[in-house]
Novice: 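Here you go, one structure.
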2 protein chains.
Amino acid sequence: MPKGGQNVTSPVTQKLRGFGSLDARSEAWLLEAVQCDVRSVPPRVDLLRQGEGTGSLHVLLEGWSIRYKTLEDGRRQILSVLLPGDIFDINGHLAESMDHSIATLTSASLGVLADDFLDMARARHPDLEKLLWCDMHVSAAIQRDRSTSLGQRTARERMAHILCELYLRQRSVNRSSGHRCAFHLTQTELAELLGMTPVYVNRTLQDLRREGLIQLEQKCLTVLDFDRLQELALFDAGYLRICESDGGADSHRENAHAV
Amino acid sequence: MPKGGQNVTSPVTQKLRGFGSLDARSEAWLLEAVQCDVRSVPPRVDLLRQGEGTGSLHVLLEGWSIRYKTLEDGRRQILSVLLPGDIFDINGHLAESMDHSIATLTSASLGVLADDFLDMARARHPDLEKLLWCDMHVSAAIQRDRSTSLGQRTARERMAHILCELYLRQRSVNRSSGHRCAFHLTQTELAELLGMTPVYVNRTLQDLRREGLIQLEQKCLTVLDFDRLQELALFDAGYLRICESDGGADSHRENAHAV
DNA sequence: CGGAAGGTTGAGTCCTCTCAAATGATGTGG
DNA sequence: CCACATCATTTGAGAGGACTCAACCTTCCG
């Protein structure tokens, strides 16, 4: 969606800019690299499969995907949700086989980066390289929060927590309007993400709706009362390291968990 | 325990060698760097605290530690167990504050690496740098497996799984003899790690004991029937990327999940 | 020896699951 | 444009895995 002529609003650059300053030259180079080899993928397709070989660095430009892991007997855990702007398989070359899978949920558009991308970034765009590591660091923090949810939070809290996370993460790449954002997980997928049963997911969602916290229908989430939702979830946005910056000029942090 | 005069068996080098070949020069340099600033820490002390500033790269040389995260209301999730040879806070400089804490369980000995360690490794010991990223990659895989456990496995399975993991990880750094290894988690800590209640941990352990799978007493774990334990846990050791190599000569993989 | 921490046991409860079926969306082809 | 198949959501009733509370026992250590 090139608006006003310049396509500076790629979700990737937008996300990375949230982690720190990015030289205009580096940003241009990144945009170039990302759009060099773009692929369109239909919904519900495995991009990388557990046990098989690894791939190169990918950037999700549009659509939703998931990272998941299956047990021998078929049970499946969704580890995290990948949103536009998310980078994955950043260290693929380090392993000979995947310990998990990655699949699209919706139809998606994918930037496949050249094999020497990281080396080039390291050599010529150190500021960009740093932001890439930051991104990786945030992904790890999200993963830790997911573990914490699964281990400590009740079903209601887990549900509230994931809704907060997905809402804010989309907002940080301009994928929200007002208090609404897309939501491409089915209740069954939510169940696999939150470690509960589809039936119970349904009941938990109805609870949250009944209490006027959210609205969720037709792949669209409306957060009616973010404060109460956040409170219920024991949600602390600090780990997302999201800086609120719209035009790119100011960058007053709103959700940071300052010391 | 310098055996035969040379202390080449630091748990770090041992662990890294499992991920790939390490030049003798790099190894010597690593040993040097790690033993340059060694600190002894008493049991049950926070090394790094959630919300506070980050530290530099650390290597756990001896003893057990944990990575954990606390919710506002006090609930605590132990994210992972750190064993001798484990590296942590590898990307500390990327964040301004910790999203989780790290604490010792036992008295521990800790190698604190110089700030330019990674840069030096990158410049002069690329083989070592690669193994460090491998290690980070394996840590992430362990974290993913933890999420999978918490989300999909039953209490019994989770318990069996963590026992398999801790046993194998210790074995990979020569911290086991026969089918026995140290075990420095109390039942309460196991509960915080597995997302269950201390009382239920106790009952689950008794189940496993009754079935002749394990023995656990006095901070010592004996795995009586690894095969059945592994089967019960739906444990797949592939993600640990452990190569079996004793004297350093051969390296027949035993637990690898070959394609 | 006494206190504290960890481990064990019992009984009752409830959060979450299972099974099953009905209803509502979505999409495809004739 | 309807009929059909498929998938997603919803609802009900019953069962059970894991939790809570509380007491008691054991080990450890100053």
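All heavy atoms count here, side chains included; hydrogens, waters and symmetry mates do not. Labels below follow one simple rule: chain letters A, B, ... track the order of the sequence lines, proteins then strands, and each chain is numbered from 1.
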Novice: To the nearest Å, give me how far apart CE (B:M196) and P (D:dC19) are.
Specialist: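 Distance, rounded to whole Å: 6 Å.
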Novice: Return the residues of residues 198-213 of chain B meeting this criterion: a heavy atom under 4.0 Å from some atom of DNA chain C. Order them by number, or give none.
Specialist: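 Residues of residues 198-213 of chain B under 4.0 Å from DNA chain C: B:V199, B:N202, B:R203, B:Q206, B:R209.
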Novice: Which part of the nucleic acid, if any, lies within contact of A:T186, taking any heavy atom under 4.0 Å across all strands shown: a base, the sugar-phosphate backbone alone, or nothing?
Specialist: sugar-phosphate
Novice: Should B:L193 and B:R158 count as side-chain neighbours, where that means a heavy-atom distance under 4.5 Å?
Specialist: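 B:L193 vs B:R158: side chains apart.
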Novice: Would the distance check show the side chain of B:K69 and the main-chain N or O of B:D99 forming a donor-acceptor pair, the cut-off being under 3.5 Å?
Specialist: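 Checking the backbone N and O of B:D99 against the side chain of B:K69, a donor-acceptor pair under 3.5 Å is found.
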Novice: Can you measure B:R75 atom CZ to D:dC19 atom P for me and round it to whole angstrom units?
Specialist: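 The answer, rounded to whole Å, is 13 Å.
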Novice: Could you label the plane-to-plane angle of the A:F88 and A:H58 rings as parallel, tilted or perpendicular, counting under 30° as parallel and over 60° as perpendicular?
Specialist: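 If you compare the ring of A:F88 with that of A:H58, the planes turn out parallel.
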Novice: I need the CG-C1' distance between A:L105 and D:dC7, as an integer number of Å.
Specialist: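 Those two atoms, CG and C1', are 15 Å apart.
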Novice: Could you state the atom-to-atom distance from CZ of B:R156 to C1' of D:dG16 in whole Å?
Specialist: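 My rounded result for the distance is 15 Å.
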Novice: According to a strict under-4.0 Å criterion, is A:T154 in side-chain N/O contact with OP1 or OP2 of C:dC15?
Specialist: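 No.
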Novice: Remember a base hit wins even if backbone is also touched, and classify B:E189 as base, sugar-phosphate or nothing at under 4.0 Å, heavy atoms.
Specialist: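 No contact.
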Novice: List the steps, then state whether side-chain contact (heavy atoms from CB on, under 4.5 Å) holds for A:Q143 with A:L79.
Specialist: CA-CA 7 Å; A:Q143 192 65 40; A:L79 298 163; 4.0 Å; yes
Novice: Find the distance A:K219:NZ to C:dG27:P and express it as a whole number of Å.
Specialist: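 After rounding, the gap between these two atoms is 7 Å.
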Novice: In whole Å, I'd like the distance from the CG atom of A:L185 to the C1' atom of D:dT9.
Specialist: 15 Å
Novice: Rounded off to whole Å, could you give me the CD-to-P distance for the B:Q218 and D:dT26 pair?
Specialist: 14 Å
Novice: May I ask you to decide if the ring planes of A:F183 and A:W64 are parallel, tilted or perpendicular, using 30° and 60° as cut-offs?
Specialist: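 Taking A:W64 first and then A:F183, their aromatic rings stand perpendicular (interplane angle over 60°).
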Novice: Hey, is CZ on B:R180 packed in by over 12 heavy atoms from elsewhere, all under 6.0 Å?
Specialist: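 Counting other residues, nucleotides and ligands, CZ of B:R180 stays at 12 neighbours or fewer.
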Novice: Rounded to whole angstroms, how far apart are CZ on A:R153 and C1' on C:dT16?
Specialist: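 Computing the A:R153:CZ to C:dT16:C1' distance gives 19 Å.
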Novice: Does a side-chain heavy-atom distance below 4.5 Å link B:L163 with B:L208?
Specialist: yes
Novice: Is a salt bridge present between B:E189 and B:K219, judged by a nitrogen-to-oxygen distance below 4.0 Å?
Specialist: no
Novice: Does A:Q187 put a side-chain nitrogen or oxygen below 4.0 Å from OP1 or OP2 of D:dT10?
Specialist: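 A:Q187 to D:dT10 OP1/OP2: side-chain N or O found under 4.0 Å.
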Novice: Would you mind reading off the bend of the helix from C:dT8-D:dA23 to C:dG30-D:dC1 from its two end axes, five pairs each, to 10 degrees?
Specialist: 50°
Novice: Among B:Q50, B:R49, B:R67, which residue satisfies the side-chain hydrogen bond (donor to acceptor under 3.5 Å, both in side chains) criterion with B:H100?
Specialist: B:R67
